Peer 1: 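Pasting in a structure now, in structure tokens, and then I'll have a few things to ask.
Start at 1 and go down the list; that is how both ligands and their atoms are numbered. Bear in mind the structure is a predicted one, so any value in this text is a computation, not a measurement.
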Amino acid sequence: MLETGLITKVNSDTFTVKYQDNYYDCKARGKFRNEHFKPLVGDIVNFNKDKKVIEEVTTRKNVLERPPVANIDIALVVTSLKKPDLNLTLLDKLLSIITIKGITPIIVLTKLDLLTKEELQDITNLFNYYKKIGYLVYTNEEISSLKKALKNKIVTVCGQTGAGKSTLINYFDENLNLATNEISEALGRGKHTTRIVELFEILDFYIVDTPGFSALDLVNYSIEDIQNSFLEFKNYTCKFNDCKHLKEIGCGILEGVDKKEILLSRYNNYVRFIKESSDDRSKLFKK
Ligand SMILES: Nc1nc2c(ncn2[C@@H]2O[C@H](COP(=O)(O)OP(=O)(O)OP(=O)(O)O)[C@@H](O)[C@H]2O)c(=O)[nH]1
Ligand SMILES: [Mg+2]
Ligand SMILES: [Zn+2]
């Protein structure tokens, strides 16, 4: 007899499956390993609760590679403004990847307390742009409104190491008491405080804590996917078919940049991502 449960934790080859408020530490059937298939946190699985073996993984709604999770509704893009400093390329890249995967991103700003008044004003202006183009933006001081936005969802956090992901999850539920680390230490050792990918149940939503990372690639994404993930581009029409919006004279997107309506850092990141994705793809064809 197989039961259907949810993987809430993966610790090397042990998968914790939640079924009817009980947790079972399971192994995956050998065939998964042979097929190089690894069950992920967020997977809905059919498993034998007596033998503690996962037999089947049901079709996934989506998969994120970093963090390695499946069936996610919302990804909180935890964005530190200082220590570590704001990294707009990483932010835009995460927003693009998450958007392409059909997951709703929510930007959560952290470490506002480390900013001067002037810096805070610049940050407010900057993120008003992100709000204007359609992203939800909260700070880690707005816990109760953030909680409302997460009701009944499966949520993951992503963002740089030391950005404050575990700290944020602790704000959601003090009882969790997840390990956090001083940024200098976390970066100095080149290690993440959070090692195990784990899903926590918080009243009416689930959230996965994951370690941070600093690099991601866009190898699997098409130019069209990347273009569509820049939400503000939809407000412009480009008279050229298949325009890459790189240097074509009369390109509608470039006009938006010239008029300073499209944020320059966003446009520059767009160019960077298109190049990255084409570079990687051209490598596939090299002898
Ligand atoms: N001043 C300030 N410090 C913060 C804030 N949020 C988190 N921190 C601190 O930043 C450090 C790193 O926070 P963590 O929550 O461990 O960061 P993380 O994103 O989980 O890091 P990894 O698990 O290594 O990926 C800790 O010392 C936190 O106390 C904030 O809003 N303001
Ligand atoms: Mg952490
Ligand atoms: Zn164009």
Peer 1: Taking distance alone, with N or O pairs closer than 3.5 Å, would you say T180 contacts ligand 1?
Peer 2: no

Peer 1: Is any N, O or S atom of S166 under 2.8 Å away from the Mg ion (ligand 2)?
Peer 2: yes

Peer 1: With no hydrogens and no angle check, is any side-chain donor or acceptor of K111 less than 3.5 Å from a backbone partner on A163?
Peer 2: no

Peer 1: Going by atom types alone, do T14 and D25 pair a side-chain donor with an acceptor below 3.5 Å?
Peer 2: no

Peer 1: Do you know which N/O/S atom name in H245 is closest to the Zn ion (ligand 3)?
Peer 2: ND1

Peer 1: When you check the side-chain N and O atoms of E261 and Y236, is any donor under 3.5 Å from an acceptor?
Peer 2: yes

Peer 1: Could you tell me whether T161 and ligand 1 have an N or O pair separated by under 3.5 Å?
Peer 2: yes

Peer 1: Is the distance from the ring center of Y270 to that of F273 below 6.0 Å?
Peer 2: no

Peer 1: For L112 and ligand 1, does the shortest N/O to N/O distance drop below 3.5 Å?
Peer 2: no

Peer 1: If hydrogens are left out, which of T167, L114, D113 has an atom nearest to atom 28 (C) of ligand 1, that is, the closest non-hydrogen atom?
Peer 2: T167

Peer 1: Is it true that K239 and E255 have a side-chain N and a carboxylate O under 4.0 angstrom from each other?
Peer 2: no

Peer 1: Minimum distance, heavy atoms only, to atom 5 (C) of ligand 1: which one of Q160, E141, K111 is it?
Peer 2: K111

Peer 1: Using a 4.0 Å heavy-atom cut-off, which part of N140 comes near ligand 1: side chain, backbone, both, or neither?
Peer 2: side chain

Peer 1: Taking C-beta and beyond as the side chain, do C243 and I253 meet within less than 4.5 Å on heavy atoms?
Peer 2: no

